[in-house]
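Remarks on the structure that follows.
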Amino acid sequence: MSTSIYQQFTDYIRSETPVALATIIEGPGTGAKLLVARVDGIEIVVGTLGHPELDRVVSRDTAGELEAGRTGVRHYGPEGQATPEDLIDTPTVVVFIESFSPAPQMWIFGAVDFTAALGRVAKVLGYRVTVCDAREIFATKRRFPMADEVMVTWPTPMFEKRGNTLGPRDAVCILTHDPKFDVPAVQGALSTSVGYIGVMGSRKTHNKRLERLAEVGVTSPEQLSRLMSPIGLDLGGRTPEETAIAICAEIIARRTGHSATSLKNTDGAIHS
Amino acid sequence: MREILDDIDRWRSDGKKVAVARVVKIEGSGPRDPGAAMAVNEDGEVAGSVSGGCVEGAVVSEALAIIGENAPGRMVTFGYSDDEAFAVGLTCGGIIRLYIEQLDW
């Protein structure tokens, strides 16, 4: 028995598999669907839009949109023609292609109170949260029920094993104040292309940390400028929850490139 | 759509008919990006959102009409000033285009 497209679609989303859904939203075949998933680097196509050539062209474009993580509308001829505006007396097929990338990751190093608060806020924002600490009695699922996984390990093996899964959408937050833990965590994070690296600690702690990083050979100003330390926006909050908001707000502002000042004090379009 | 899948599955396992509205295009200023989705079941229960609350009420009516008529999916536009448009719009002045369909695929 074949499962429905919807069932396969939800299975892919729940297993964090990159998947894109193409739907004809106007023109002949409205409602028809094509699903493109990328499993272990191989594209799997399910469904049909009603014409083999249209299927071929749209599945190719959908795979491209999925690769880029884009969502948008495209126009075709009924037989997959890429320039429907040139066709005479022929209806245009309008296709909505929606990409679903796996949730971005947040790795939090250090199993402390701030970790629990940050994990909760990160979950609200849609992150897949991993908490990592080498101390078995602190790094427990019971203390961090919001985390998708709790790893009892040192930072170096964690980055060696899985650092290559981190990309520009992901975040590493280092909340330990312990140099023997946060120096390798910073080193590990800098070896990846992760988009955000936040390191907790006072300015004094930060300066001491820079000295320790220099001792292990991390001196490139370009690399060190990636460190957001002290961590977070200057909201003036004190509690773990307020700190978590300040950290996540900084992550958003870094991603969008916006100034993080009150909109009241700025000009121009809000959604840009 | 990810965030509304659990609600949709629960409704469907209860045997309820479900319609899904997805934002496919925003022109000008709009609060949600393409892909924002909202599901409505035959009892008028709602999951998710497609705007900042500006057009949700009208989307529910449209979704219930599609379920009631057992109609195929269709495009709906909010924010036009001409007669084709619905009376509601985005308060921020943008145009929002949605595709609403029954979840029968």
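The sequence lines fix the lettering, A, B, ..., with proteins before strands; numbering per chain opens at 1. Note that these values count all heavy atoms, side chains included, but never hydrogens, waters or copies made by symmetry.
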Portion of B:R32 that has a non-hydrogen atom of chain A nearer than 4.5 angstrom: neither
Structural part of B:P34 lying under 4.5 Å from a heavy atom of chain A: both
Heavy-atom distances under 4.5 Å only: say whether [X] touches chain B with side chain, backbone, both or neither.
| X | answer |
| --- | --- |
| A:Y6 | both |
| A:S99 | neither |
| A:I97 | neither |

Counting only heavy atoms not in [X] (residues, nucleotides, ligands), do more than 12 fall under 6.0 Å from its [atom1]?
| X | atom1 | value |
| --- | --- | --- |
| A:K141 | NZ | yes |
| A:K123 | NZ | yes |
| A:R169 | CZ | yes |

Looking only at heavy atoms, which two atoms of [X] and [Y] are closest? And how far apart?
| X | Y | result |
| --- | --- | --- |
| A:R14 | B:D6 | NH2-OD1, 2.7 Å |
| A:T23 | B:R22 | OG1-NH2, 3.0 Å |
| A:F96 | B:V23 | CZ-O, 3.4 Å |
| B:V24 | A:V73 | O-CG2, 3.6 Å |

State the [atom1]-[atom2] distance between [X] and [Y], to the nearest 0.5 angstrom.
| X | Y | atom1 | atom2 | value |
| --- | --- | --- | --- | --- |
| A:I25 | B:I100 | CD1 | CD1 | 12.0 Å |
| A:I13 | B:R2 | CD1 | CZ | 6.0 Å |
| B:W105 | A:L35 | CH2 | CG | 8.0 Å |
| B:K25 | A:T71 | NZ | OG1 | 14.0 Å |

Residues B:R97 and A:E26 bridged, charged N to O under 4.0 Å: no
Side-chain H-bond candidate by donor/acceptor type, B:R74 with A:T30, under 3.5 Å: no
